[in-house]
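In what follows, chains are A, B, ... by sequence order, proteins preceding strands, each numbered from 1.
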Amino acid sequence: MGLLEQKRHFSVNLLDWYMVNRRDLPWRRHNNPYFTWVSEIMLQQTRVDTVIPYFNRFIGNFPTVQALAEAPEEEVLKNWEGLGYYSRARNLQAAARQVMELHGGEMPQDKQAVFALKGVGPYTAGAILSIAFNQPQPAVDGNVMRVLSRYFLIDEDIMKGSTRVLMEELAGELIPEGRARDFNQALMELGALVCTPKAPHCLTCPVMEQCSGRIAGRELTLPVKTKAKPPRPEQRLVAIVEGRGAHRGRVLVRQRPATGLLARMWELPHVLAAPAAAGKAAGPLADEPAMALLAGSLWAEGFAARPEGLATHAEHVFSHIVWSLQVYKCTEQDQSNELPLIAAEARAAYDAQAAGKDHSSSASAASELATTHSEQFHSVTSLLSNPSEDADLLDESPVAYDAQLTLTGKGDGLTYRWIGPEDMDKMAFPNIFLKLISSYFAGAYDDVNE
DNA sequence: AAGACGGGGAA
DNA sequence: TTCCCAGTCTT
């Protein structure tokens, strides 16, 4: 059988299969370009089953491009909470504003215009043009590359940019006349339901008979794909600061910077405990130095808090980082004359920790740090436990004096806020902090003390 | 070309 | 537990 015939067989049988087996998904019920757009952004790196409830809520709250463009950014982020890759949400809203200003609120149908929208790359542009407007443009995602690499026995590494270009050329040739909308979705549907990554269901595949990969016994070794680098480990110390006095019943949170990891999301205050040695986890820090470092870093941000004890351990996995979290329950302290001194020493400990970052090649930076500064840590912990004693302990310490001069009460300019349970439904948190804060408000850490 | 950027589901 | 999934933007 020739290649031309193999291609025709693929297109015809796949399309027939799809018309019978297509899933009824919320964004497939209307030919609304805005719905298509939102769904395609949400579906990047995210499973259909995960997206469905998010999509329904998002469209309910922002039913049109205009509604999305005019919404407060925090509200958009809240609607994305838990989906991950939050720049998608910020780019989507920025693009909605582009559509309002440049195209009068109507989705453009021109390829260059669609591609120019923030967050829209080669895949999403092709998906929007084909699904929303039935234009014969390829939409090559991971599913499509897997299906094509198997059916046509393509050995190219799908992680390479050149392979995607090659796949796009092939996918474009396969689109039956006038059927781009259904065919592109059929290709992805097959990859999601039948031609799955680990255990493909070849026996129910509509194009099994002419699948070169299966015929060659290669269905389990295709596509060729270079492995991703393992994520780097980070040990972090997290504070759940329980408010007192005016802040009773509240907990201290802060908003992350506008760029970078988890941009503009809210979180519990935390600090990097120790740098990891190359390729190895730093390992947990002993409680005493951990609590001193936490108190010091909180003070550097303008907050007096006494760590009470370890509340829990937690882990949070990103694609490029693994956070191992030591979570400490802390109590807000009253302002008092001793606090600047306590703070100075805590800051010294904090600075010592920061200096420790330079020794990242050391195999056990954390334990070394703990040993070297154990006296400082001890005195900080002691001071925080008994603020009335040892007030003059630090007078002879130059670093403490310097720290006093430089302490301004505000560190990185992050926004801090004392919140109660009722505030949780307005602010967007990464899942890990959502869980920790919910557990705290549910009383899970009530018995933590020294 | 390589790294940054989340979170969940399946084996 | 361990493994897998993989679009776009930035540098």
Side-chain angles (χ1 to χ4, degrees), chain A residues 37-54 77-95 98 114-128 137-149 156-165 167-168 171 184 188 191-193 195-201 220-234 256-267 281 314-325 428-436:
Chain A
W37 179 25
V38 170
S39 70
E40 288 301 337
I41 299 295
M42 284 188 172
L43 285 164
Q44 291 169 7
Q45 276 77 50
T46 312
R47 297 175 143 73
V48 165
D49 289 343
T50 304
V51 165
I52 288 173
Y54 280 91
L77 208 52
K78 185 66 186 175
N79 276 265
W80 212 270
E81 181 184 72
L83 259 189
Y85 287 118
Y86 299 96
S87 66
R88 290 184 295 172
R90 287 180 286 115
N91 286 337
L92 181 59
Q93 188 180 34
Q98 283 181 280
V114 171
F115 191 76
L117 297 174
K118 289 229 187 301
V120 176
Y123 163 72
T124 307
I128 291 172
Q137 295 288 334
V140 174
D141 70 349
N143 287 312
V144 173
M145 288 203 279
R146 186 172 57 254
V147 169
L148 295 183
S149 71
E156 303 294 319
D157 184 346
I158 63 168
M159 296 302 281
K160 289 168 57 180
S162 58
T163 305
R164 200 206 72 230
V165 173
M167 295 280 186
E168 282 172 348
N184 279 359
M188 294 186 274
L193 299 179
C195 197
T196 50
K198 283 188 170 176
H201 307 106
L220 294 177
T221 60
L222 289 170
V224 174
K225 187 173 189 270
T226 57
K227 289 189 196 14
K229 226 177 75 176
R232 70 175 185 273
E234 282 185 4
R256 295 181 62 90
T259 58
L261 183 66
L262 302 169
R264 285 201 263 266
M265 303 282 284
W266 291 86
E267 65 179 7
E315 190 166 85
H316 192 60
V317 181
F318 302 91
S319 28
H320 58 311
I321 310 173
V322 180
W323 279 355
S324 291
L325 304 178
F429 293 85
N431 267 1
I432 179 65
F433 293 112
L434 211 51
K435 288 174 189 167
L436 289 171

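Remark on DNA chain B: of its neighbouring residues A:Leu83 and A:Ser162, the 5'-side contact belongs to A:Ser162, judged by nearest-heavy-atom nucleotide.
Look at CD on A:Glu234: it is 10 Å from P on B:dC5, rounded to the nearest Å. Atom CD1 in A:Ile432 sits roughly 14 Å away from atom C1' in B:dG8 (whole-Å rounding). Following rounding to the nearest Å, A:Trp323 (CH2) and B:dG7 (C1') show an atom-to-atom distance of 13 Å. Spacing between atom CG of A:Asn431 and atom P of B:dG6 amounts to 12 Å, rounded to whole angstrom units. Remark: C1' of B:dC5 and CZ of A:Arg264 are 15 Å apart, rounded to the nearest angstrom. In this entry the distance linking NZ of A:Lys435 with P of B:dG6 reads 16 Å, nearest Å. B:dG7 atom P lies 14 Å from atom CE of A:Met42, rounded to whole Å. Rounded to whole Å, atom P of B:dG8 lies 12 Å from atom CZ of A:Phe318.
Dashed line: the shortest gap from a side-chain N or O of A:His316 to OP1 or OP2 of B:dG7 is under 4.0 Å. Residue A:His320 has no polar side-chain atom (N or O) positioned under 4.0 Å from OP1 or OP2 of B:dA4.
The P atoms of B:dG6 and C:dC4 are separated by 22 Å, rounded to the nearest whole Å. Only the C1' atoms considered, C:dC5 is 15 Å distant from B:dC5, to the nearest whole Å. B:dG3 and C:dA6 have their C1' atoms separated by 14 Å, with the value rounded to a whole Å.
Contact between A:Met42 and A:Tyr54 at its shortest, heavy atoms only, is CE-O, 3.7 Å. Between A:Leu148 and A:Met167 the shortest heavy-atom distance is CB-SD, 3.8 Å.
Every side-chain contact (heavy atoms from CB on, under 4.5 Å) that A:Asn91 has, sequence neighbours left out, goes to A:Ser87, A:Lys118.
With contacts defined as side-chain heavy-atom distances shorter than 4.5 Å, the pair A:Leu43/A:Tyr123 does not qualify.
Among the protein residues, A:Gly161 comes within range of no part of the nucleic acid, since none of its heavy atoms lies under 4.0 Å from any strand. The residue A:Leu262 sits close only to the backbone: its heavy atoms come under 4.0 Å of sugar-phosphate atoms, none of a base.
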Next item on the list: At under 4.0 Å between heavy atoms, which parts of nucleotides 5-11 of chain C does protein reach? Answer with one letter per nucleotide, 5' to 3': B base, S sugar-phosphate only, - none.
Entry: SBBSS--
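To the nearest 0.5 Å, the span separating CZ on A:Arg88 from CD on A:Glu40 amounts to 11.5 Å. We find the CD1-CG distance between A:Ile321 and A:Leu261 to be 5.0 Å, quoted to the nearest 0.5 Å.
Taking the six-membered ring where tryptophan is involved, the planes of A:Trp323 and A:His316 are tilted, since the angle between them lies from 30° to 60°.
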